[in-house]
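Beneath this line is the structure, given in structure tokens, with notes to follow.
Just so it is clear: chains get the letters A, B, ... in the order the sequence lines come, proteins before strands, and each one is counted from 1.
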Amino acid sequence: MNGKHISNLGLKGAEIGVALKAAELRETAGLERDEILNELRGVQQRPGEYVGGVYGDLADMLLARQANDELHAADALREHALSYKVYGGNLIEPGALAQMNTAMRLPIARAGALMPDAHVGYGLPIGGVLATEGAVIPYGVGVDIGCSMRLSVYPLAPDRLDSRGAVALLQKHTRFGAGVGWDKRERLDHEVLDDADWDTLPLLRHLYDKAVTQLGTSGSGNHFAEFGTFTLPAPMSGLEAGTYLALLTHSGSRGFGAQVAGHFTNLAERLHPTLDASAKKLAWLNLDSEEGQNYWTAMNLAGRYALANHEQIHQRIARALDTEVALEVSNSHNLAWKQQVDGRELIVHRKGATPAAAGQLGLIPGSMADPAYLVRGKGEAAALESASHGAGRQLGRKAAERAIAKKDVQAYLNERGVTLIGGGIDEAPQAYKRVEQVIAAQTELVDVLGQFQPQVVRMDSGSEDI
DNA sequence: ATGTAC
């Protein structure tokens with residue numbers, strides 16, 4: 001009996017030595033080689049029956065291998081990506097397509113689409129829409145869970161607020177910057193803080209105080225609050241065609257949502273240790289598991305919290321302007337929804353994609369100095385009833401800081417009469433795709449109803465000022 | 001995007 005006999009049985013690596021040791025014991029006990037090889041075949045076929053006996057060590061190893069193989073098989077990527085529709089493919093970098101292809105190879109993937117603002121992100125690309133069955137991917141939603149838009153159109157002429165007044169209102173009623181919250185005596189209240197779901201998980205209870213401090217704030221990166229002129233070419237919802245003063249905000253779930261995302265994506269990665277490296281950040285949680293249910297609860301709470309942030313800003317500014325709101329639109333664009341797709345319930349992840357069911361209103365911003373669009377969804381099935389969430393980056397943050405000159409940004413702002421508070425080169429209009437092209441690439445997905453031109457914009461100050 | 005740590 002030697003190692004060759006044993007490896008011929010299909011045993012591998014350390015299993016061979018352990019099998020050989022057991023075989024020697026059986027030889028000592030007087031068994032022939034063929035008898036021992038038969039016993040070894042038995043161990044291979046039914047390792048569970050040999051635990052604790054003379055073949056116990058080998059049985060343990062085989063059981064471990066079996067478990068690992070099963071885990072691996074459940075996580076194995078499809079050989080070929082499921083097909084999916086790409087909108088505005090000429091506007092999309094290859095890296096984003098590669099990420100979407102990987103997502104469409106996941107065993108839980110059922111359908112997907114890529115929006116024309118797509119660019120590379122962690123896991124699913126920004127602008128990616130992915131439908132899965134029975135599972136949710138924390139990084140299919142993204143770090144900023146519930147990131148969303150809100151527009152208030154006031155029944156006021158745009159010149160009712162000059163830029164000095166607009167700056168003063170934004171300074172008073174908004175807060176920007178990573179880690180930033182209100183001072184103790186400035187804190188706001190909202191019914192979302194009374195939500196029973198805060199008490200369902202230790203993680204949520206732990207994040208509650210941070211959420212209280214940051215309610216009604218806007219964070220950093222591409223988040224903004226801006227006054228501008230909203231132009232409605234045809235009447236809608238009781239509002240006459242015309243040009244109005246309006247407020248547009250982009251904000252998310254702040255530190256609360258970011259920590260929820262971090263916690264659950266780590267958990268998902270640990271639960272899928274054998275997932276291919278290319279799909280590591282696409283690790284998922286089964287919705288019938290406790291972890292999956294917990295994420296679903298936390299994600300939806302973060303979604304409601306993000307909308308509450310907008311609501312606070314808009315409510316306070318309307319009050320300060322002493323005006324009614326003639327038209328109010330809002331939508332989340334980083335979230336997962338249960339949605340009927342071809343007659344079955346799937347989990348549709350939109351990571352930087354606007355829900356665009358038939359008749360559904362949404363907001364697609366361009367950049368700090370480019371127009372934002374009020375759109376109405378067409379319910380396009382091939383796009384899983386979605387549209388882009390913005391213009392999308394054409395330059396990464398660092399590339400933008402290298403490539404774009406301050407004076408060019410200033411000229412761009414001046415040409416459009418935009419006043420900027422804060423802002424960084426990494427958010428310069430030149431770092432973004434031309435929103436007109438991005439809108440033109442999704443005529444199958446949405447109709448454009450109105451257009452907003454920013455005039456006084458507040459953002460976090462970037463690492464390179466403008 | 002967040003505000004700290006594979």
Side-chain angles (χ1 to χ4, degrees), chain A residues 99 117-128 137-150 174-182 203-204 206-225 249-270 272-273 275 277 280-281 283 295 298-299 301-303 305-310 313 332-336 349-353 365 367-368 389-393 395-401 422-427 431-432 458-464:
Chain A
Q99 285 189 316
D117 59 340
H119 57 96
V120 170
Y122 281 119
L124 196 65
I126 316 299
I137 303 171
Y139 265 8
V141 169
V143 173
D144 190 6
I145 299 172
C147 186
S148 40
M149 300 295 307
R150 185 171 175 126
T174 69
R175 287 292 180 274
F176 282 82
V180 167
W182 296 102
L203 173 72
L204 298 180
H206 169 70
L207 293 170
Y208 183 76
D209 288 347
K210 180 188 276 290
V212 169
T213 308
Q214 297 189 320
L215 181 73
T217 64
S218 304
S220 64
N222 56 6
H223 288 175
F224 60 76
T249 52
H250 181 208
S251 180
S253 53
R254 310 290 286 102
F256 159 46
Q259 292 206 30
V260 168
H263 173 84
F264 283 100
T265 200
N266 285 338
L267 193 56
E269 279 187 42
R270 286 204 301 275
H272 296 274
L275 192 56
K280 192 178 168 202
K281 296 286 176 206
Y295 176 74
M299 177 198 79
L301 181 59
Y305 176 78
L307 293 176
N309 284 334
H310 290 272
I313 298 167
S332 306
H333 53 223
N334 284 12
L335 213 62
H349 303 71
R350 293 189 182 84
K351 186 186 191 184
S367 81
M368 57 168 70
H389 85 310
R393 285 192 165 276
L395 291 174
R397 295 187 181 280
K398 282 179 189 145
E401 280 163 12
I425 291 287
D426 55 337
E427 285 298 328
Y432 283 87
R458 184 174 188 192
M459 302 184 80
D460 185 28
S461 35
S463 54
E464 265 318 307

Nearest whole angstrom, please: distance from the P of dA1(B) to the OH of Y122(A).
12 Å
Atom-pair distance (CD on Q259(A); P on dT2(B)), nearest Å:
12 Å
Centre of Y432(A)'s six-membered ring, under 6.0 Å away, within 45 degrees of the axis: is that where NZ or CZ of R393(A) sits?
yes
When the distance from CE of M299(A) to C1' of dA1(B) is rounded to whole Å, what number comes out?
17 Å
Here the distance between atom C1' of dA1(B) and atom CZ of F224(A), to the nearest Å, is 15 Å
Which is true for N334(A) with a 4.0 Å heavy-atom rule: it touches a base, it touches only sugar-phosphate, or it touches nothing?
nothing
Touch class at under 4.0 angstrom, heavy-atom based, for E269(A) against every strand present:
nothing
Find the distance L207(A):CG to dA1(B):P and express it as a whole number of Å.
20 Å
Under-4.0 Å side-chain N/O to phosphate OP1/OP2 contact, R254(A) with dT2(B)
yes
N334(A): which residues meet the side chain to side chain contact (heavy atoms under 4.5 Å, CB included) condition with it, sequence neighbours left out?
D144(A), C147(A)
Rounded to whole Å, how long is the line connecting atom NZ of K210(A) with atom P of dA1(B)?
17 Å
Using the side-chain hydrogen bond (donor to acceptor under 3.5 Å, both in side chains) rule, pick out the option among R458(A), R150(A), H310(A) that qualifies with T249(A).
H310(A)
Given dT2(B), is OP1 or OP2 found less than 4.0 Å from the side-chain N or O atoms of S220(A)?
yes
Candidate pair L204(A) and L301(A), rule side-chain contact (heavy atoms from CB on, under 4.5 Å), full reasoning
CA-CA 9 Å; L204(A) 298 180; L301(A) 181 59; 4.1 Å; yes
Have a look at F176(A) and say if it touches a base, only the backbone sugar-phosphate, or nothing, with a 4.0 Å heavy-atom cut-off.
nothing
R175(A) and S218(A): side-chain donor and acceptor closer than 3.5 Å?
no
Atom-to-atom span, CG of D460(A) to C1' of dA1(B) - whole angstrom
11 Å
Return the value, rounded to whole Å, for the distance between atom NE2 of H263(A) and atom C1' of dA5(B).
17 Å
Classify the nucleic acid contact of G252(A) as base, sugar-phosphate or nothing, counting any heavy atom under 4.0 Å across all strands shown.
nothing
